[in-house]
There are 2 protein chains.
Amino acid sequence: MATIYDVSLLAGVSLATVSRVVNNTGKVSDKTRQKVHDAMAQLDYRPNTIAQSLASNRSNSVGVLVSQLDGPFYGPLMREIESVLRSANKHVIIAAGHSDAAQEKEAVEFLLSRGCDALIVDAEIVTNDYLRELCQGKTPVVLINRHVEGIADRCVHLDNLKGGLLASRHVLEFGHSRIAYISGPLFKLDARERLQGHKQALAEHGLAFDEALFFEGDFREEGGYEGMATLLDSGEPFSAVVCANDQMASGAIALCLERGLRVPEEISFVGFDDIPFPRYISPKLTTVSNPIQDMGHMAANWVLKEVYGQSDIEFNHKFEPQLVVRESVQRALG
Amino acid sequence: MATIYDVSLLAGVSLATVSRVVNNTGKVSDKTRQKVHDAMAQLDYRPNTIAQSLASNRSNSVGVLVSQLDGPFYGPLMREIESVLRSANKHVIIAAGHSDAAQEKEAVEFLLSRGCDALIVDAEIVTNDYLRELCQGKTPVVLINRHVEGIADRCVHLDNLKGGLLASRHVLEFGHSRIAYISGPLFKLDARERLQGHKQALAEHGLAFDEALFFEGDFREEGGYEGMATLLDSGEPFSAVVCANDQMASGAIALCLERGLRVPEEISFVGFDDIPFPRYISPKLTTVSNPIQDMGHMAANWVLKEVYGQSDIEFNHKFEPQLVVRESVQRALG
DNA sequence: GTTAAAAATGAAAGCGCTTACATTAATCTA
DNA sequence: TAGATTAATGTAAGCGCTTTCATTTTTAAC
């Protein structure tokens, strides 16, 4: 592999000049530039990005921490981030936190030691204090899906409370009053916020929150399935189920269909996130949109702007969920 | 950030010695090692991986190229790769090819120039010649989801033909004879191989392949939905649909349900890949398993073994699909 | 107590690039 | 046309680490 030195030799110029044309910095005469380009082409020269990073103290890479690499939620987020960054010729190092404090921290360390110019972090478990300290460091950090006091200007997040409100209000307005709730794991902030929205909606309609109609799931199909079974088996009557995400809603609906319950005729369902798949089940799932891609877009552009001076997007911290009415909620009987 | 030099100063030893204890190479007396460890701890020293890479010509990073970052198929693949590699303290740089030749090549260039120690490549579009040449290079490469003559020892792939055979045989054995086929995009090898399996199964049963019952989709829900509409609207009779992947099957089933067709009573369906979601629709989708995670595991371990000398897994090139019988196929009437 | 072998350590030359600064060439001004 | 600007190029010192090779220290052998 040819080095910059080989190029300078062949072109008959100095290292500095080659570097200038490679990076398009400083003044270079057209004639010289051409010579250098020719030499680069002839040698099939490609800069060693590692050496560039070391010398310039810039890695042109940004670290992304998500809790999982797969799933309908993080996939689109990463896709959006990668796409924005790549079109600016930056690239992405991805690490997974697996919803574990130690792994999240280790991943951050890792990305930092890898010389990332910035971090986009979707941390579920680590404490606010840890994140505040992280933001103190010299590597710029954006937080996704999390609102942390004191560093609000670094957070891109969804108004989960409002989302929860929207979902539950919808079924309430359809006349349901016995409403089961399948929650996400409560160690996750968004799960707690959505639940809070639900409770608030209940209160608005003068209804008390009933522990017997509550199940703490895992944000996955399995949890919804299991939660639905538990709820049904408890014997408590209810006519609608609000699920803290679409995956659990899908699992819950699957169980209902297995047991021969008709949806939405006998039980209504609302989800959360508006992931693609449940649009293809029957009934099509009524849900609350989560503009995760927009948030990824925003985070990536923030990095472009703050770190590379390349974007002039206006920073928007808080994204609004919206109710997406489809077919899984029906008016309560009686 | 403390450098190795600071550590050497504080510990009162040379750079070389610090490097030795950091990398656990060469001989170092216990006493010295302890001094160095103390100094590192005191300074909160963490090696600069970029400098390490430059000096050692080893980046401890492996590049992964997939066609998409999201979706039910690539997510688990990446998860598995990241997990294996990370537990060996390597890390992953991910790039997306977006099913476009130029982008795939650019991504490979990018990963190469980034100094990856190895590449795991799921390339859909670039030619076999390109891949053969790539494998010639000094960076070791494993190919996933693709079988290329001449470099078969670098390929980890699924027996798609057999999978296609399994799927179609299943409906054939249930007595169907008018079988529609919704294919993946034919520029993709796996789509072609699966189709070939279908044709072969047809031939085994003395049936001719009928163009009128064929639709070329896109491996996404939309394509299945659209394909189903086209097929239905064509007026050609058929009692079963074989889909080249589960996503298209889901889209196709969704359309049927919209039109009030009962599945599987009126139309039977088989999918391919066995992704999680369609297990939660009704009817549960009969499909063919695609051990994508196993393949990712294998590819990652190959890298560990060949590049880092760390694994002693036995290399398995070809993975076998299996029929997963659920509820979406019913005996043909008459 | 020598001497040879082994173990521990250090000196220093890179790895391929960037960049401040110095130098030289070209252009302008009066 | 001398002197002052400005443009173009080159020199060389790093960036933080690894690694070869030489040197010193310790241990072993007799």
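Every chain is numbered from 1 and lettered A, B, ... according to where its sequence line falls, protein lines coming before strand lines.
Residue-level contact check: Val13(B) touches the backbone only, with heavy atoms under 4.0 Å from sugar-phosphate atoms and none from bases. Here Ser19(A) lies in heavy-atom contact (under 4.0 Å) with a base. Within the nucleic acid shown, Val18(A) has no heavy atom closer than 4.0 Å to any nucleic acid atom. As judged by a 4.0 angstrom heavy-atom cut-off over every strand, Asn57(A) is placed among residues making no nucleic acid contact.
Here the P atom of nucleotide dA8(D) and the NZ atom of Lys35(A) are 14 Å apart, to the nearest Å. Rounded to whole Å, the distance from CG on Leu9(A) to P on dG10(D) is 12 Å. For the pair Asn60(A) CG and dC17(C) C1', the computed distance is 13 Å after rounding to whole Å. Rounded to a whole Å, the NZ atom of Lys27(A) is 21 Å from the P atom of dT23(C). Protein atom CZ of Arg46(A) is 12 Å distant from nucleotide atom P of dC17(C), rounded to whole Å. Note: CZ (Arg20(B)) to C1' (dA7(C)) measures 11 Å, nearest angstrom. Look at CG on Leu54(A): it is 12 Å from P on dG16(C), rounded to the nearest Å. Here the C1' atom of nucleotide dT19(D) and the CG atom of Leu15(B) are 12 Å apart, to the nearest Å.
Comment: Glu82(B) does not engage Lys90(B) in a salt bridge, judged by the lack of any side-chain N to carboxylate O separation of less than 4.0 angstrom. The pair Asp129(A)-Arg132(A) meets the salt-bridge criterion, with a side-chain N (NZ, NE, NH1 or NH2) lying under 4.0 Å from an Asp/Glu carboxylate O.
Considering only side-chain atoms of Asn48(A), the nucleotide from dG10(D), dT18(D), dC17(C) that sits closest is dC17(C). Closest to the Thr32(A) side chain, of the nucleotides dC17(D), dT9(C), dA8(D), is dA8(D). The side chain of Pro47(A) lies closest to dC17(C) when the candidates are dC17(C), dT9(C), dT9(D). Comparing atom distances between the Thr17(A) side chain and each of dG10(D), dT18(C), dT18(D) picks out dG10(D) as nearest.
Remark: side-chain polar atoms of Arg20(B) are not paired, donor with acceptor, to backbone N or O of Thr25(B) under 3.5 angstrom.
Contact between the side-chain N/O atoms of Ser29(A) and the OP1/OP2 oxygens of dA7(D) is not found at any separation under 4.0 Å. Within the structure, every side-chain polar atom (N or O) of Tyr5(B) is placed at least 4.0 Å from both OP1 and OP2 of dA12(C).
Closest approach of Asp153(B) and His317(B) over heavy atoms only: CA-CE1, 3.3 Å.
Mapping Ser14(B) and Ala51(B) onto DNA chain C by nearest heavy atom places Ser14(B) at the nucleotide closer to the 5' end.
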| said: Evaluate Tyr308(A) against Asp117(A) for side-chain hydrogen bond (donor to acceptor under 3.5 Å, both in side chains), listing each step before the verdict. | reply: CA-CA 9 Å; Tyr308(A) 302 113; Asp117(A) 297 333; 2.6 Å; yes
